[in-house]
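A short write-up of the structure that comes next.
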Amino acid sequence: MPCSQWGRGICFFQDSAHYYTQFTTFYFFIMTRVRFAPSPTGDLHVGGARTALFNWLFARKTGGTFILRVEDTDGARNTEEAAQGILKGLRWLGLDWDEGPDAGGNYGPYFQSQRKAIYDAYLAKLEAAGRVYTEDSGAVRFKFSRTPITVHDLVCGDVMFAATEEPDMTVRRPDGSYIFHFVNVVDDIEMKMTHVFRGEDHLSNTWKHIDLFNAFGAIPPTYAHIPLILNPDGTKMSKRDEGSAVEKSYMNEGFLPEAVFNYLCLLGWTPRTEGEKLTREALVNLFDPAEIHNANARFDMHKCQWFNAQYLRALSAEELLASCRRFIEKAGYTITDDAVAAAAVYSVKEKVSLLTEIPAWVHYFFRSDYPYEDDVMIKLKAKPENATLLKAAADGFRTLTDWSEATVQTAIEEAAKAHSVKPGALMPLLRFALSGQSRGPGVNTIAHLIGQESTLQRIEHTLGLIG
RNA sequence: GACCCCUUCGUCUAGCGGUUAGGACACGUCCCUUUCACGGAUGCGACAGGAGUUCGAUUCUCCUAGGGGUCGCCA
C-alpha cells in the first residue's frame with residue numbers, strides 16, 4: 001500500500017486495516033497538532049463540542065498538541081461574552097487546550113482578529129504568484145486552479161472534486177478584513193496543524209482549502225470530516241433546539257460533564273470494547289479516527305440522561321453533594337450540616353437522572369415547614385386509625401436511646417405488630433408525616449437523618465393537621 | 001439546479017460473502033419491594049427499493065428513492 005500523502009516526514013496509510021494496525025505505534029514518532037476553531041457568535045453548540053472532543057481525543061491519544069483558536073474575523077457578529085461562554089463550556093467538559101487563550105503558545109496570537117499582519121503577508125505571497133486579483137469594489141479574489149482535486153479523508157476516504165466552475169473565491173473584503181477560508185488555511189499553515197477534525201459540513205469546501213494550500217506551496221493537513229449531529233426528527237440541529245447549547249442544556253440542567261463527554265464520544269464513534277460507560281482515560285486509549293462513522297447521528301436526550309444517571313450513581317455521597325449543592329441552594333434551601341446533606345442526597349441518587357431533580361426529592365431534610373402533597377393529606381385523613389398508628393410509632397420512637405436506621409426500623413415493626421397491621425401499612429403514614437411526600441428513601445433512613453427530636457415533632461405536627 | 005456525503009430495530013450501533021442479524025437507550029411483561037426507584041429476567045422490534053456479480057448477498061457494483069451538506073464580501 002503506497003503512502004497517499006507525505007507531509008513533514010509523515011506517511012499516512014489510506015487502507016483502513018493497515019492504518020488501524022499502524023495507528024498505535026505510528027503517532028509516537030510525530031508531533032501531531034490539532035485545533036478547535038470556534039467562531040464566537042453564540043453558545044458552544046453540541047456539534048462544536050464534539051468536534052472539539054474528537055480533536056482533543058486525538059491529541060491526547062497521540063501525545064500531541066491541542067490548540068484553541070478563536071475565529072473572530074466577523075466583528076459584527078462576534079461577542080466577548082460568546083467567546084467566554086465557549087471557553088467555559090470546553091473547560092466544563094474537561095477539554096483543556098495546550099495553546100490558545102489563557103494558555104499561550106509559540107504560534108499566537110490565538111484570536112484571528114489580532115493576526116491581520118500575518119494575513120496581509122500571506123496575501124502578498126498570492127499576489128506575487130499571480131493568484132489573486134482585485135475587483136472594482138475592492139474585494140480580492142483567489143484564482144482557483146480549476147483542476148480536479150481529491151480530498152484524502154480519514155473518515156470519508158478519497159473524495160474527488162472535478163475542476164470547478166464556481167466563480168473565484170473572495171478572500172478579502174473591500175474593508176480589508178479577510179474571509180474564513182483564507183484565514184483558516186493561513187492559520188493552519190502558520191500553526192503547523194497536522195490533522196483537522198471538523199464537521200462534515202466543511203467537506204464540500206475542502207477542495208478550496210487544498211487549492212489554497214497548494215497556492216502557498218504548503219502541504220495540507222490530514223482531514224477527518226466527522227458526521228453531523230441531527231435533531232431526533234433528522235433535521236439539522238440549530239441553536240434553538242433541545243440539547244444544542246452546552247451551558248444551557250447541560251451545565252445548567254444537572255448533567256455531569258463525564259456523562260456528556262461519554263455520550264458525545266459514542267455519537268459517531270464506537271470504541272472497540274465491551275460496554276458503553278467508559279472513563280475519559282479509556283476513551284483516550286481506545287480512540288482511533290479510522291473508526292469514526294461516516295453517517296450523521298440523531299441526538300437522543302433519553303440516552304444522554306441514562307448516561308448521566310449511571311455516572312450519578314457511581315458518585316460517593318460527598319461527590320454527589322459537591323455536584324448538586326448549587327442546585328439545592330438555587331432552589332432556596334440552606335445546607336447547615338454537610339454530613340446530613342451528603343447522606344440525604346445519596347439516599348435519593350437512584351431515583352434521579354439529573355442533578356436538577358434532586359432538590360424536589362430532599363427539600364424536607366433542609367426545612368421543617370415542608371408542604372404536604374395533596375393526595376398525601378387525603379390518604380392521611382382517609383382512615384381514623386391512621387392517627388392511632390402514628391401515635392403508636394411516636395411512642396415507640398420516644399423510648400429509643402439509640403437512634404439508628406436499624407433501631408428505627410425495629411420500632412416501626414413493633415408498633416405495627418402491636419396494632420395487628422403489617423409494617424407496610426404503617427410505613428407510608430410515617431413517610432407522609434416525615435416528608436409530606438408519597439415517595440422517597442426508606443422511612444428509617446429519613447427518620448435517622450432528620451433525628452429523633454425532629455421525627456417526633458413532625459409526627460406531632462402531622463397529627464395536629466389531620467385532627 | 002450542480003456537486004459532495006450518507007442509508008441495519010423508534011434512536012445510537014455491531015456486522016466487513018454463508019449469523020437463529022448481536023448489544024445499548026426507549027417501550028411492554030414478570031420478579032424483587034413500605035413508596036418511588038435501582039437491580040434481575042424476558043418480550044417487542046431492522047438490513048430503503050430495484051437490478052447485477054456470486055453456489056450464496058445486510059455485506060461487492062450500478063440505478064432509483066429518501067435524508068443531510070455545500071455552492072456568500074457567514075464561519
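Reminder, nothing fancy here: chain letters follow the sequence lines and each chain counts from 1.
The base of rC73(B) sits with one of its N or O atoms less than 3.5 Å from a complementary donor or acceptor on the side chain of Ser137(A). A donor-acceptor contact under 3.5 Å is formed by the side chain of Arg431(A) with the base of rU34(B). Scanning atom types as modelled, no donor and acceptor separated by under 3.5 angstrom connect the side chain of Lys303(A) and the base of rA26(B).
Nucleotide rU34(B) holds its P atom 17 Å from the CG atom of Leu389(A), rounded to whole Å. Phe432(A) has its CZ atom 10 Å from the C1' atom of rU34(B), to the nearest Å. In this structure, CZ of Phe299(A) is placed 16 Å from C1' of rG10(B), rounded to the nearest angstrom. Atom CZ in Phe182(A) sits roughly 13 Å away from atom P in rA75(B) (whole-Å rounding). In this structure, Asn184(A) atom CG and rC74(B) atom P are separated by 15 Å, rounded to whole Å. Residue Leu266(A) contributes atom CG, which lies 12 Å from atom P of rC25(B) at whole-angstrom precision.
Across all strands, Arg172(A) comes closer than 4.0 Å to no nucleic acid atom at all (heavy-atom distances). If you check every strand for non-hydrogen atoms under 4.0 Å, Asn205(A) touches a base. Within the nucleic acid shown, Ser204(A) comes within 4.0 Å of at least one base atom, counting heavy atoms only.
Map Val155(A) and Lys208(A) each onto its nearest nucleotide of RNA chain B; the residue landing nearer the 5' end is Val155(A).
Pair assignment for rG39(B): rC31(B), on the basis of Watson-Crick or G-U wobble contacts that are both within less than 3.5 Å. Using N1 to N3 plus N6-O4 or O6-N4 for Watson-Crick, or N1-O2 and O6-N3 for G-U wobble, each under 3.5 Å, rA48(B) pairs with rU64(B). In this structure, rC25(B) forms a base pair with rG10(B), meeting either the Watson-Crick or the G-U wobble geometry with both donor-acceptor distances under 3.5 Å. With a 3.5 Å ceiling on both atom-pair distances, rG72(B) lacks any Watson-Crick or G-U wobble partner.
In this structure, the ring of Phe180(A) has its center no less than 6.0 angstrom from the ring center of Tyr178(A). His195(A) and Phe58(A) have their aromatic ring centers within a separation under 6.0 angstrom.
Ring-plane geometry between Phe287(A) and Trp269(A) is classed as perpendicular, the angle between the planes exceeding 60 degrees on a 0 to 90 degree scale with a lower cut at 30.
Side-chain N/O atoms of Thr170(A) include one lying less than 4.0 angstrom from OP1 or OP2 on rC73(B). Regarding contacts with the backbone of rC12(B), every side-chain N or O of His293(A) stays at 4.0 angstrom or more from both OP1 and OP2. Distances shorter than 4.0 Å separate none of the side-chain N or O atoms of Arg298(A) from OP1 or OP2 on rG67(B). Checking the phosphate oxygens (OP1, OP2) of rC5(B), no side-chain nitrogen or oxygen of Asn294(A) falls inside 4.0 Å.
Residues Arg35(A) and Asp187(A) are not paired through a salt bridge, judged by the lack of any N-O separation under 4.0 Å between the basic side chain and the carboxylate.
For Ser438(A) and Glu373(A), the side-chain atoms include at least one donor-acceptor pair closer than 3.5 Å.
For rC25(B), the base adopts the anti conformation, since its glycosidic angle falls more than 90 degrees from zero.
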